[in-house]
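Right, one structure below, let's go through it.
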2 protein chains.
Amino acid sequence: MRDAGAGSNRSERRDAAENRRRILNAAITLFEQHGVQPVSMNQIAIEAQIGSGTLYRRYGNKSELCLDLIKDNMFLLFEDITAYMAQNRADPPSQRLTGLLRLFIRFREKKAQLLKGVEESGPGDRLRYRTRNPLYNELHQLIVGLFDEMGAGQAQPNSVFKADMVLMALSSDAYSFQRDVRGYSPELILEKICSTFVS
Amino acid sequence: MRDAGAGSNRSERRDAAENRRRILNAAITLFEQHGVQPVSMNQIAIEAQIGSGTLYRRYGNKSELCLDLIKDNMFLLFEDITAYMAQNRADPPSQRLTGLLRLFIRFREKKAQLLKGVEESGPGDRLRYRTRNPLYNELHQLIVGLFDEMGAGQAQPNSVFKADMVLMALSSDAYSFQRDVRGYSPELILEKICSTFVS
DNA sequence: TATATAAACGGAGAAGTCTCCGTTTGTCAA
DNA sequence: TTGACAAACGGAGACTTCTCCGTTTATATA
């Protein structure tokens, strides 16, 4: 799990590995101290005692750095999800979807700041959709599967689109909006999503 | 329509009005020439031959400037919508919703770049939701009304939430994703939205 | 017309992201 | 052990967004 950091190339040079550790440690320290959003890449470089060029060669932006920081937790989430899906394979798909979303929402509550950090790429958005991070595709596939099961009889289950909508509803922006502006609790949001998309 | 620019205070000083014209002209010129996203506030200030402080006092960020540039078109859109709603008040609400969304999608296709400019506020997102621009509340209210009509019999129509979801689906990010990544046409997106949320 | 004054101006500069490129350094083969 | 050299380093600097504040100016009032 340590050297899966940025794709498994031919082994990493020792100084590079050392710097990666320093970067991650610095980021963790600063994020714990000030939160994710207000910490700049420069601050991280300084805290890690490396040049900013070095930082940027490894992580093209803060988003990538945040991603590296929650990768481990993401693996754990997927283990939980996989276990849940296996244990409850007899339940109707709508119920499994609820369970899956509940796990994800729990994760999102715990890692809200980093997740937000992952989803925003900074200024000059180069044609990147906030929706495209590794989490997305994995979850999307699972959800499409469940919608397909639910709509097995229908002509057009529209599972791909519906899954996109569900995940959109769980993006940092939409989710925080429901939390903070609409004032809904996580459990209520889950309920509303299910009642809207499962019906 | 000219002096409704930023709220109707006691009349605008002549030099200020002049500068506003210059800013808007500069922005239009540059946006036509290079597109919205790659043009910086500095470039606009230079093209308008004013100091950047002057530009920023009038428009706190590019988003506000873009908003001013489509305001007129937004009014036209709302006129269209109001007319449509009046002419078709006898139709079932689901059909009126489709019509409303079709009008909005047409608008969004025409003003895609500026709309994207409006929705992104630049780096350092100060607790602002991409979803909060004037368009949002107006449309949201209309859509909530239609959902309420549709679900008049049900216990929890969840109209507010559903309206949020529909508008989320029509945000620049989600919409472009469906267009560019999923490869759906505007008409197909409209269909999918309706079949997902109207059921 | 003169003048006080609130409003508007403008540009230096703080702080951030990210690139470029000359320098340094691990590593591997000889 | 010794080069050779790809890889990694680092910081200057280009370009942004946005603020601060001393200066200028349009306008209302006397």
Side-chain angles (χ1 to χ4, degrees), chain A residues 3 5-24 26-27 30-31 34-66 117-118 120-128, chain B residues 3 5-24 26-27 30-31 34-67 117-128:
Chain A
D3 43 328
S8 50
N9 296 336
R10 201 64 61 93
S11 66
E12 201 174 24
R13 236 170 72 168
R14 208 173 41 249
D15 53 348
E18 164 67 11
N19 277 335
R20 180 142 62 100
R21 269 189 347 95
R22 292 156 81 105
I23 291 171
L24 293 178
L30 291 173
F31 287 171
H34 310 285
V36 173
Q37 194 265 326
V39 172
S40 75
M41 290 293 268
N42 262 342
Q43 282 175 66
I44 294 171
I46 290 166
E47 172 82 18
Q49 294 183 285
I50 59 171
S52 59
T54 303
L55 173 54
Y56 273 98
R57 193 164 11 71
R58 194 166 307 276
Y59 300 106
N61 51 52
K62 217 169 101 180
S63 170
E64 290 181 15
L65 173 51
C66 290
V118 171
E120 58 195 26
S121 74
D125 255 5
R126 283 132 177 148
L127 242 331
R128 281 182 64 216
Chain B
D3 44 326
S8 50
N9 295 339
R10 201 62 61 92
S11 66
E12 201 174 26
R13 236 172 72 169
R14 208 172 42 249
D15 54 347
E18 163 68 12
N19 277 335
R20 178 142 64 99
R21 267 188 349 92
R22 293 156 80 104
I23 291 170
L24 294 179
L30 290 173
F31 287 170
H34 310 286
V36 173
Q37 194 267 325
V39 172
S40 75
M41 290 294 267
N42 262 341
Q43 281 175 67
I44 295 171
I46 291 167
E47 173 82 18
Q49 294 182 285
I50 59 170
S52 60
T54 303
L55 173 53
Y56 272 98
R57 191 162 12 71
R58 193 168 306 278
Y59 300 106
N61 52 52
K62 214 168 104 182
S63 171
E64 289 181 16
L65 174 50
C66 290
L67 185 59
V118 172
E119 287 179 34
E120 58 195 28
S121 74
D125 257 5
R126 283 133 178 147
L127 243 330
R128 281 182 65 214

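Note on naming: letters A, B, ... go to the chains in the order of the sequence lines (proteins, then strands), and numbering restarts at 1 for each one. Just so you know, these numbers come straight off a predicted model, no measurement behind them.
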Are OP1 or OP2 of [N] and a side-chain N or O of [X] less than 4.0 angstrom apart?
X        : N       : answer
Arg14(A) : dT25(C) : no
Arg57(A) : dC18(C) : no
Gln43(B) : dT16(D) : yes

How close or far is atom [atom2] of [N] from atom [atom1] of [X], stated in whole angstroms?
X         : N       : atom1 : atom2 : result
Gln49(A)  : dC9(D)  : CD    : P     : 14 Å
Glu120(B) : dC18(D) : CD    : P     : 11 Å
Glu12(B)  : dT25(D) : CD    : C1'   : 15 Å
Arg20(A)  : dA7(D)  : CZ    : P     : 17 Å
Tyr56(B)  : dT16(D) : OH    : C1'   : 8 Å
Ile46(A)  : dG10(D) : CD1   : P     : 13 Å
Met41(B)  : dG10(C) : CE    : P     : 15 Å
Leu65(A)  : dC18(C) : CG    : P     : 12 Å

Pick the nucleotide of DNA chain D nearest each of Val39(B) and Ile50(A); which residue has the one closer to the 5' end?
-> Ile50(A)
Identify whether any heavy atom of Thr54(B) sits under 4.0 Å from a base atom; if not, whether one sits that close to sugar-phosphate; answer base, sugar-phosphate or nothing.
-> base
Heavy atoms under 4.0 Å, any strand shown: does Asp15(A) hit a base, just sugar-phosphate, or nothing?
-> sugar-phosphate
Picking from dT19(C), dC9(D), dG11(C), which would you name as closest to the side chain of Ala16(A)?
->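 Nearest to the side chain of Ala16(A) among the choices is dC9(D).
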Of Asn42(B) and Asn19(B), the one whose closest nucleotide on DNA chain C sits nearer the 5' end is Asn19(B)
Grab the two heavy atoms, one from Ile44(A) and one from Ala26(A), that are nearest each other, plus how far apart they are.
-> O-CB, 3.8 Å
Between Val39(A) and His34(A), what is the shortest heavy-atom contact and its length?
-> CG2-CB, 3.9 Å
Counting N and O atoms only, with roles assigned by atom type, does the side chain of Glu64(B) sit under 3.5 Å from a partner on the main chain of Gly60(B), one being a donor and the other an acceptor?
-> yes
Check: Arg13(B) side chain, dA7(C) base, donor-acceptor under 3.5 Å | yes
Take Tyr59(B) and Arg20(B), measure what side chain to side chain contact (heavy atoms under 4.5 Å, CB included) needs, and give me the verdict at the end.
-> CA-CA 10 Å; Tyr59(B) 300 106; Arg20(B) 178 142 64 99; 3.7 Å; yes
Any side-chain heavy atom of Arg14(B) within less than 4.5 Å of one from Glu18(B)?
-> no
